[in-house]
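Some notes on the structure that comes next.
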Amino acid sequence: MHIDFQTALDPEQYAAVTTTEGPVLIIAGAGSGKTRVITYRIAYLLSRGVPQEAILALTFTNKAASEMVQRAHDLTGLPLKNLMVSTFHSFGAWMLRREATTLGYRPNFSIYDEDDRIRAIRESAHELGFPTEDLDPVRLSQLFSARRAGYEKQGELSAREMELYERYRKTLKVYNAVDFDDLIALPLELLQEHDDVRARYRARFRYVMIDEFQDTSLQQYAFIRQIESGNICVVGDDDQSIYSWRGADFRNIERFELDHPGLFEIKLERNYRSTGSILTAANTVIAHNTRRKKKQLWSPQGVHGTPIMLIDAEDDEEEAERIIATIRELRFREHADWDDIGILVRTNSLAEGIEEKLVEHNVPYRVAGGPSFYQRREVKDIVAYLKAAVNPDDDVSVLRVLNVPRRGIGPATIEFLSNIAKDRSVSLRRAAEMARQMVGVAQAKDGHLQKALSEVYAFFDYLAQIRMAFLEERRPVSIAIRNIVEDVGYWQYLLEEHKKNDKVAVWKYRNIELLAASAERWEKDPDTFEKDIFAYLARISLTVRDEVGDAEQRLSLLTIHAAKGLEFDYVFIPGCENGILPHARSVEESGDIEEERRLFYVAVTRAKRRLFISRAMQRKKNGSFQETTPSPFLNELPQDLIVMADKQAQPHNEDELRREFFSRLKSRLGA
DNA sequence: GTGTTTACTTTTTTT
DNA sequence: AAGTAAACAC
């Protein structure tokens with residue numbers, strides 16, 4: 001490994017990379033080469049003889065983590081098997097797996113995503129006889145998270161809801177399951193309460209780095225404090241803090257300063273990404289925020305670039321049409337590649353409308369965000385089989401597939417078993433086991449129930465069989481998936497469920513085949529170090545989307561949240577209307593629009609060359625049209641840098657003419 | 001226990 | 001406008 005750090009980095013970056021001992025705070029403005037600094041820092045540590053296993057780098061997304069490893073690998077040319085670059089949650093899961101017994105869990109615990117969690121809350125509410133009419137599991141889920149993270153004020157619960165919260169926690173323990181909050185809270189508890197464990201982890205991870213530090217929660221901050229032992233480097237930008245709704249608190253930056261008196265602090269303000277007009281716009285907008293660290297992005301090249309375009313359309317459909325027309329023009333006039341274009345939306349629902357138009361116009365695109373592959377019902381079903389096989393006490397997964405495909409196990413049977421389970425605080429599986437032994441049950445006259453119960457027993461026996469295959473003969477996950485589909489007759493089930501249009505059934509079956517194929521790829525990947533079923537389940541529970549590495553050029557359509565850390569030559573920000581950006585709900589909840597402004601700032605700073613902002617005068621919402629007003633952020637932009645897009649100047653262009661020509665040709669040949 | 005009809009509200013962002 | 005949950009019929 002031979003790297004000339006001095007020439008590869010600007011002076012500030014160089015200082016940030018080479019100050020390896022003691023606490024370091026890096027304030028990294030948008031486009032200032034943050035990822036570059038972190039990867040060079042890893043390379044620098046390695047070049048100084050620090051062993052890989054002594055380094056811990058924590059990020060928020062799997063994408064950021066894998067990109068970092070990739071770039072560190074490219075830089076050093078070293079195999080990086082023992083380098084721990086991970087998301088907070090994956091790292092928590094990893095720790096918890098190793099230390100489960102200390103905390104009273106078994107190592108085969110299940111990880112519950114939001115959907116599983118809602119089901120568990122419903123289940124607990126049902127057990128408590130909580131009135132269903134005022135049960136809002138989604139809201140409760142948020143409140144529970146706030147409470148778990150230590151935000152008492154936000155997490156205000158009524159006495160009854162508090163009772164439900166306690167029951168939910170107990171229920172998860174019985175199921176041997178943890179939720180996302182637990183993945184941080186439990187390892188934290190472990191480090192706080194077991195000096196020997198803390199000493200062990202501190203001894204190992206002598207160099208700790210935190211990416212997107214402004215997005216850490218109080219809980220994560222406490223966790224960082226526990227695991228670091230002096231050499232801690234945090235990188236963040238308070239202007240890009242957009243996750244406060246998830247418990248993030250950018251004041252952790254101030255806390256960090258207070259807690260580390262001798263810290264080395266450096267600001268990266270050189271922006272290598274955007275043109276001058278985009279930077280000026282970004283600086284002007286963000287200056288309206290009151291609580292922020294002072295920062296001014298500047299461009300070392302000093303190029304001013306093209307003005308920002310403002311598109312105002314009659315309605316949402318016209319907005320999408322004009323965006324697409326503009327994109328065509330960019331492709332024609334500036335030879336823009338599809339990959340260079342990003343459409344950044346505030347909400348997923350906004351993306352849907354645009355997506356329809358993209359399909360209509362044959363624009364190749366990829367969507368990020370939105371419901372992921374792993375959330376699809378058929379995929380979740382199969383995954384639930386895997387989860388339940390590994391951890392048969394996981395009632396949420398069990399209940400999900402107990403009667404899928406239909407086995408005649410309905411509400412009555414489940415009620416019967418859950419009563420036993422509730423009385424003894426055990427899982428359904430244990431309850432079923434007990435029922436099997438109980439003479440009274442075997443002699444009961446109810447033929448229906450008898451039949452259903454024997455189906456339940458057979459179901460658990462089947463799960464045990466799969467479990468054995470995993471643990472004893474180490475059956476690969478991909479094979480197990482295909483076995484399950486076959487054994488339970490899932491294909492027949494799909495056909496049965498979609499009698500009217502078997503296209504849906506085929507589509508769903510294909511998704512399952514994709515799941516098996518992706519598992520197979522994962523098994524064969526030389527970079528996967530742990531290949532057992534536990535590692536697999538942790539991975540898919542904590543992955544939003546798999547980066548499908550297809551070489552095809554595509555435009556990106558994604559939420560602003562998902563766009564953080566990315567950049568595009570051409571950026572479109574649709575829906576710049578009051579209520580959308582800033583989002584009404586957010587303003588209502590937090591009382592100010594500063595976070596929404598940061599969101600707008602993040603969107604603007606993704607653009608390298610040109611920025612297009614659009615809005616519709618009226619927009620379809622829940623079926624009917626609604627008049628809109630422009631986003632206040634539009635007035636905060638420097639007006640001399642904005643140009644109104646001309647409505648008339650959207651003629652047929654090359655692409656369209658060509659397509660029209662071909663379609664005519666085709667129909668003539670066909671006729 | 002399963003299938004169909006009816007009433008109703010919904011999404012802001014994600015590990 | 002559409003998808004979900006409760007209500008109802010078989």
Side-chain angles (χ1 to χ4, degrees), chain A residues 58-65 86-93 111-115 117-118 122 132-133 135-139 141-142 145 149 178-185 212 215-217 219-220 241-248 344-353 356 368-372 374-375 377 403 405-415 446-449 451-452 455 496-497 499-500 538-545 558-564 575 579-590 595-596 598-600 602-603 620-625:
Chain A
L58 293 178
T59 66
F60 278 89
T61 64
N62 291 289
K63 200 188 71 216
S86 171
T87 66
F88 272 93
H89 291 87
S90 303
F91 184 69
I111 298 171
Y112 279 5
D113 63 18
E114 194 59 26
D115 185 58
R117 178 184 219 201
I118 299 290
R122 283 228 166 83
T132 40
E133 58 271 20
L135 178 73
D136 181 351
V138 176
R139 186 186 129 260
S141 168
Q142 282 164 7
S145 284
V178 300
D179 59 23
F180 285 153
D181 299 330
D182 289 329
L183 288 177
I184 309 298
E212 307 281 11
D215 288 333
T216 51
S217 65
Q219 211 178 21
Q220 284 161 330
S241 162
I242 53 175
Y243 282 103
S244 74
W245 49 274
R246 199 171 74 178
L344 276 45
V345 292
R346 174 67 243 263
T347 66
N348 282 308
S349 58
L350 216 50
E352 276 167 33
E356 275 172 36
S372 85
Y374 296 115
Q375 318 269 27
R377 187 165 302 151
N403 200 30
R406 295 184 199 289
R407 302 184 173 94
I409 306 168
T413 314
I414 289 169
E415 195 61 36
D446 189 340
H448 260 302
L449 182 66
K451 182 118 196 311
E455 285 290 342
E496 192 65 27
E497 287 295 293
K499 275 187 212 140
K500 287 143 213 151
R539 190 186 89 97
I540 65 170
S541 311
L542 301 173
T543 307
V544 192
R545 64 206 166 94
L558 61 177
T559 63
I560 300 175
H561 284 89
K564 188 149 79 133
I580 294 182
L581 184 62
H583 200 281
R585 203 87 165 223
S586 161
V587 179
E588 192 184 310
E589 209 160 89
S590 65
E595 174 141 324
E596 294 293 308
R598 289 193 291 270
L599 216 33
F600 186 63
V602 167
K620 209 168 202 173
K621 207 185 159 203
N622 299 344
S624 62
F625 276 105

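Keep in mind the model is a prediction, meaning the values are calculated, not measured. Each chain gets a letter, A, B and so on, in the order its sequence line appears, and its residues count up from 1.
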**Message:** Distance alone, cut at 3.5 Å: any donor-acceptor contact between the side chains of A:E114 and A:S141?
**Reply:** yes

**Request:** Could you tell me whether the side chains of A:S145 and A:Q142 share a donor-acceptor contact shorter than 3.5 Å?
**Result:** no

Rounded to whole Å, how long is the line connecting atom [atom1] of [X] with atom [atom2] of [N]?
X      : N      : atom1 : atom2 : answer
A:F180 : B:dT13 : CZ    : P     : 16 Å
A:D115 : B:dT14 : CG    : P     : 16 Å
A:E455 : B:dT2  : CD    : P     : 10 Å
A:Y243 : B:dT14 : OH    : P     : 6 Å
A:E114 : B:dT13 : CD    : P     : 12 Å
A:N62  : B:dT14 : CG    : C1'   : 12 Å
A:H583 : B:dT14 : NE2   : P     : 12 Å
A:I580 : B:dT12 : CD1   : C1'   : 11 Å

Using a 4.0 Å heavy-atom cut-off across all strands, classify [X] as base, sugar-phosphate, or nothing.
X      : result
A:F60  : sugar-phosphate
A:A412 : sugar-phosphate
A:S349 : base

Any side-chain N or O of [X] under 4.0 Å from OP1/OP2 of [N]?
X      : N      : result
A:N348 : B:dT13 : yes
A:T559 : B:dT14 : yes
A:R377 : C:dT4  : yes
A:S586 : B:dT13 : no

**Fill in**
Sequence neighbours excluded, the answer for side-chain contact (heavy atoms from CB on, under 4.5 Å) partners of A:R122 is A:I118, A:P137

Selection from [options] that lies nearest to any side-chain heavy atom of [X]:
X      : options               : value
A:R246 : B:dT12, B:dT2, B:dT14 : B:dT14
A:N403 : B:dT2, B:dT12, B:dT14 : B:dT2
A:R406 : B:dT2, B:dT12, B:dT14 : B:dT2

**Request:** Of all the heavy-atom pairs spanning A:A351 and A:V345, show the shortest one and how long it is.
**Result:** CB-CG2, 3.9 Å

**A:W245 aromatic ring stacked with six-membered ring of B:dT13, 5.5 Å and 30°** = yes

**Item:** 5'-most by nearest nucleotide on DNA chain B - A:S541 or A:G408
**Value:** A:G408

**Request:** Nearest-nucleotide wise, let me know which of A:H561 and A:R407 is further upstream toward the 5' end of DNA chain B.
**Result:** A:R407

**Message:** I'd like to know if A:R117 pairs up with A:D181 as an ion pair, taking the criterion as any Lys NZ or Arg NE/NH1/NH2 lying under 4.0 Å from an Asp or Glu carboxylate oxygen.
**Reply:** yes

**Prompt:** Can you find an N or O donor on one side and an acceptor on the other, under 3.5 Å apart, linking the side chain of A:R346 with the base of B:dT13?
**Reply:** yes

**Request:** Could you measure between the two P atoms, the one in B:dT11 and the one in C:dT4, and give it in whole Å?
**Result:** 11 Å

**Asked** Mind checking what makes ring pair (Phe, Tyr, Trp, His ring centres under 6.0 Å) contact with A:F60, not counting sequence neighbours?
**Response** A:F88

